[in-house]
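See below for the structure under consideration.
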4 protein chains.
Amino acid sequence: MARAAVPSKSRGRVALVDGRVLRASRLRVARREQILLAARRVFARRGFHATRVADLLDATGIARGTFYLYFDGKRAIFAALLDDVLVRLRAPIHAVDVRPGAVPPRVQLQNMVRSILGAIVADRDLAFILLREAPHAEPECAARVEQFYADILAMITSALAHGCALGFLRACDLATTAACLLGSVKEVVDRRILAAPVASGLDLDALTEQLLEFSLTGLLQSASLRR
Amino acid sequence: MARAAVPSKSRGRVALVDGRVLRASRLRVARREQILLAARRVFARRGFHATRVADLLDATGIARGTFYLYFDGKRAIFAALLDDVLVRLRAPIHAVDVRPGAVPPRVQLQNMVRSILGAIVADRDLAFILLREAPHAEPECAARVEQFYADILAMITSALAHGCALGFLRACDLATTAACLLGSVKEVVDRRILAAPVASGLDLDALTEQLLEFSLTGLLQSASLRR
Amino acid sequence: MARAAVPSKSRGRVALVDGRVLRASRLRVARREQILLAARRVFARRGFHATRVADLLDATGIARGTFYLYFDGKRAIFAALLDDVLVRLRAPIHAVDVRPGAVPPRVQLQNMVRSILGAIVADRDLAFILLREAPHAEPECAARVEQFYADILAMITSALAHGCALGFLRACDLATTAACLLGSVKEVVDRRILAAPVASGLDLDALTEQLLEFSLTGLLQSASLRR
Amino acid sequence: MARAAVPSKSRGRVALVDGRVLRASRLRVARREQILLAARRVFARRGFHATRVADLLDATGIARGTFYLYFDGKRAIFAALLDDVLVRLRAPIHAVDVRPGAVPPRVQLQNMVRSILGAIVADRDLAFILLREAPHAEPECAARVEQFYADILAMITSALAHGCALGFLRACDLATTAACLLGSVKEVVDRRILAAPVASGLDLDALTEQLLEFSLTGLLQSASLRR
DNA sequence: AATGAATGAGTTTTCATTCAT
DNA sequence: TATGAATGAAAACTCATTCAT
């Protein structure tokens, strides 16, 4: 929708027009962002189904027609938000480098988890949308979320398989264990970050540590390790 | 809504009437169950929001008016189903008995997890409703689900605290670790049971074992336990 | 939409149910007719595009939902009306019988034209819909109207070809002449019947005569026939 | 809207300004024509109701605001187009001169019909607008079209009356016969010109001949004239 | 008790027109 | 003059719930 700005160094009339076009384009993009920002908050607070287009209008202060100028409807703007969060959360996820000389795997994991939690804290509303709303909003959105998780699970599974092969990790059912890992992160995010009052001092490093500790060493005391 | 059957010891005419009332009452209850059963399937397949009352009617074969004779509406029947699943899943959950001479804690945990998974497999549709629909159906439903999870988390937290105090478990952030545990179970249920094709041979014992193993001993090889 | 009435002569419960069903079915059909009747008037007076569903509701005195219970929308009810008129006007149209001993062709034509005009007068609103609204209402409606006229033109063309072959009629360009005939009838219907004040004494026999006379013998005096 | 060019006889500065004004005015008129031309095509192809202002803009390549600078709106530009066609088609229509020494009436008629058909072919889009769209576009447009036809019918009626009085034409119901004539022409235009593929070799002289022949001498063989 | 026709509030979406730049 | 973003009135359609039979 938002057209790419056309930068120009020419003079006279053309420059004028280009200047106008450029400015208009910037305004367009800005307006779009403004609507997205407001919508993000509304969707996160009220949920997809309870949110009416009217709520989005109220939150942005624009007219009905204006909204439809920028988005094709409620689903479309929600999908745009979902895109946003999917991109942001996919960014920090990557395979662990186990080559000799690389950063130790545990540190890599730590950094990765920490980055993910950081991205979530940086935009709680988007995280709400991904975790709580998107899976039940629309078939299409749900499918995208499912694909996102499927990708992540594939990476986890691959990492587990490597770890086992290299002797770092114990043998386990990869699919089930991957689910355990994903579930742990999702629930911690949900209950320890999203559900936490905004003001409360979130210690992401501590959360990261707890997640890793739980996943890697389990709950038992070393001494009582062998049951 | 469903009136309690009125038992009667009187005779003759009155007894006859009582018999009728009794029969009617039984029919009432049966009909109610029939509607609930059909609704369960529909809600699980289409989701709360996408399910229209007409879908419930189609699935049951009753008339609109009849439906409202048994339930106060779409929300009410969904709430009734939610009640159902909450009761069923709460049943197997209880504190671990750590008194000397009791069944070993790990076995108790194993039995408990196994029971929960068993209850879920026994009624996938209800599990769908709890896991995927109820949290986004209606504020009231979401609140009840939240309360359910809060109860479970409280029990887990308490168990963790006991385990730590008794020296069975390592020290950890109780709230975060409880979330890890709950998340693991939820995700395993979702991906390894609900998402599994019905025909696929589910091995609940194996799933139980994987969950316990993951939670108690983590992923690392004992040898590489200390990083 | 309207289900066929199920007549029943059985007794007792079944009869009761059948009676109810029958009655309900009749009411349904009656209601549908009532809505169609009102809509016919509204569409004829205001035109398809200027008619809002609300106008139809006002005219019938039913609620919005009720309307959509009987028809899928504005287009659907208009299409139903169009069906109606197409059936009624197609009825009197048939090929001319030129076998020896048959009613004289001119009399057959006279009867046919007279029947058509009669059907139109019997339901001016429907004729309005066919002549003035349907061709511009919706692509689909327009197509049906066009097909209707195409059928008629095909019959006329065939009749002209026969007439020429038999020596009754002079040679002419069939397609163009068929258009002349159709156009004459349409315009006469439009201006001499539809545009006429309802009260005005319409003499359909006279109109029929004028139409035939014009088409068959043209305007020139016999004497000046050869220019 | 379009301001008349202001001719100027003054010199020097004022003349310069006048030159500018003149040029601006010419541009204005040209632009207006350009918009009308594009709109004509769009209205003819999509119809009045299905045409959105955006379609007109797309077809012309101007901005929304610019459009409203030249026309008061969708109705206004359509009305302007209608004006255009009404003027063009009224031009060739005039009374038949029956004074001795004048061109023979049949030749006059022939010329007139031929001129009308020529004007239509010269601008099929405008003819579409008059014949198919204007009568259903807007009450005001419909009224103008109706007035146009009323004028024509009045001329035809008067001509018929004269012809009868002079003994050229047979006695007939003037209003009905006038409708026959008008309807014949309209339908022939519609089906033999507008509906014809553009490429198809239209023989307007032949169509004219057919129309006259049909109207003046009818369909019957002279021999079988008296039924 | 059972039925299903009727209801109408609620929501989305379109598009002709305006107006600040 | 030209632009195109903004507007908001209209209009269609859905569906949970009621109620007369």
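When reading the values below, keep in mind they use all heavy atoms of this one structure, side chains included, and skip hydrogens, waters and symmetry mates. Here is the naming used below: chain letters follow the sequence lines, and residue numbers restart at 1 for every chain.
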### Query
Closer to the 5' end of DNA chain E via nearest nucleotide, is it D:Arg52 or A:Arg52?
A:Arg52

### Query
For C:Ala63 and B:Ile62, take the nucleotide of DNA chain E holding the closest heavy atom to each; which residue's nucleotide lies nearer the 5' end?
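It is B:Ile62, whose closest nucleotide lies nearer the 5' terminus.
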
Closer than 4.0 Å, any side-chain N/O of [X] to the OP1 or OP2 of [N]?
X       : N     : result
A:Arg28 : F:dA5 : yes
A:Tyr70 : F:dA6 : yes
A:Arg31 : F:dA5 : no
B:Thr66 : E:dT3 : yes

### Message
For DNA chain F, please output the secondary structure as dot-bracket, reading 5' to 3'. Pairs are Watson-Crick or G-U wobble, both atom distances under 3.5 Å; mark crossing pairs with [ ], other-strand partners with |, unpaired with a dot.
### Response
.||||||||||||||||||||

Return the value, rounded to whole Å, for the distance between atom [atom1] of [X] and atom [atom2] of [N].
X       : N      : atom1 : atom2 : answer
B:Leu57 : E:dA5  : CG    : P     : 12 Å
D:Ile35 : F:dT1  : CD1   : C1'   : 12 Å
B:Asp58 : E:dG4  : CG    : C1'   : 13 Å
B:Gln34 : E:dA2  : CD    : C1'   : 13 Å
D:Arg32 : F:dA2  : CZ    : C1'   : 18 Å
C:Leu56 : F:dA11 : CG    : C1'   : 13 Å
A:Arg26 : F:dG4  : CZ    : C1'   : 18 Å
B:Leu27 : E:dA2  : CG    : P     : 8 Å

#### Entry: D:Arg23: salt bridge (Lys or Arg N to Asp or Glu O under 4.0 Å) partners, not counting sequence neighbours
none

Side chain to side chain contact (heavy atoms under 4.5 Å, CB included) against [X], all qualifying residues, sequence neighbours excluded:
X       : answer
C:Asp58 : none
D:Arg64 : D:Val53, D:Ala54, D:Leu57
C:Arg45 : C:Arg41, C:Asp125

### Query
Are C:Arg28 and C:Tyr70 in a cation-pi setup, meaning NZ or CZ lies under 6.0 angstrom from the ring centre and within 45 degrees of the ring axis?
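Checked: cation-pi criterion met.
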
### Message
When you measure from the centre of the six-membered ring of D:Phe67, is the NZ or CZ of D:Lys74 closer than 6.0 Å and no more than 45° off the axis?
### Response
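No, D:Lys74 and D:Phe67 do not form such a contact.
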
### Out of E:dA2, E:dT7, F:dA5, whichever nucleotide has its closest atom nearest the side chain of B:Leu69
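For B:Leu69, the side-chain atoms sit closest to E:dA2.
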
### Task
Verify the neighbour count for atom CD of D:Glu140: are there more than 12 heavy atoms of other residues, nucleotides or ligands below 6.0 Å?
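It does not: D:Glu140 CD has 12 such atoms or fewer within range.
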
### Task
With side-chain contact (heavy atoms from CB on, under 4.5 Å) as the test, would you mind laying out the steps for D:Ile77 and D:Leu36 before giving the verdict?
CA-CA 7 Å; D:Ile77 192 174; D:Leu36 277 169; 3.8 Å; yes

### Message
Using side-chain contact (heavy atoms from CB on, under 4.5 Å), reason through B:Asp84 and B:Arg40 one step at a time and then give a plain yes or no.
### Response
CA-CA 10 Å; B:Asp84 207 355; B:Arg40 179 191 309 187; 3.8 Å; yes

### Task
Quick one: sort the A:Phe48 and A:Phe43 rings into parallel, tilted or perpendicular, breaks at 30° and 60°.
parallel

Please enumerate all protein N or O atoms sitting under 3.5 Å from an N or O of nucleotides 17-21 of chain E, with distances to 0.1 Å.
{"unit_1": "E:dT17", "atom_1": "OP2", "unit_2": "D:Tyr68", "atom_2": "OH", "d": "3.1"}
{"unit_1": "E:dT17", "atom_1": "OP2", "unit_2": "D:Lys74", "atom_2": "N", "d": "3.2"}
{"unit_1": "E:dT17", "atom_1": "O4", "unit_2": "D:Arg64", "atom_2": "NE", "d": "2.3"}

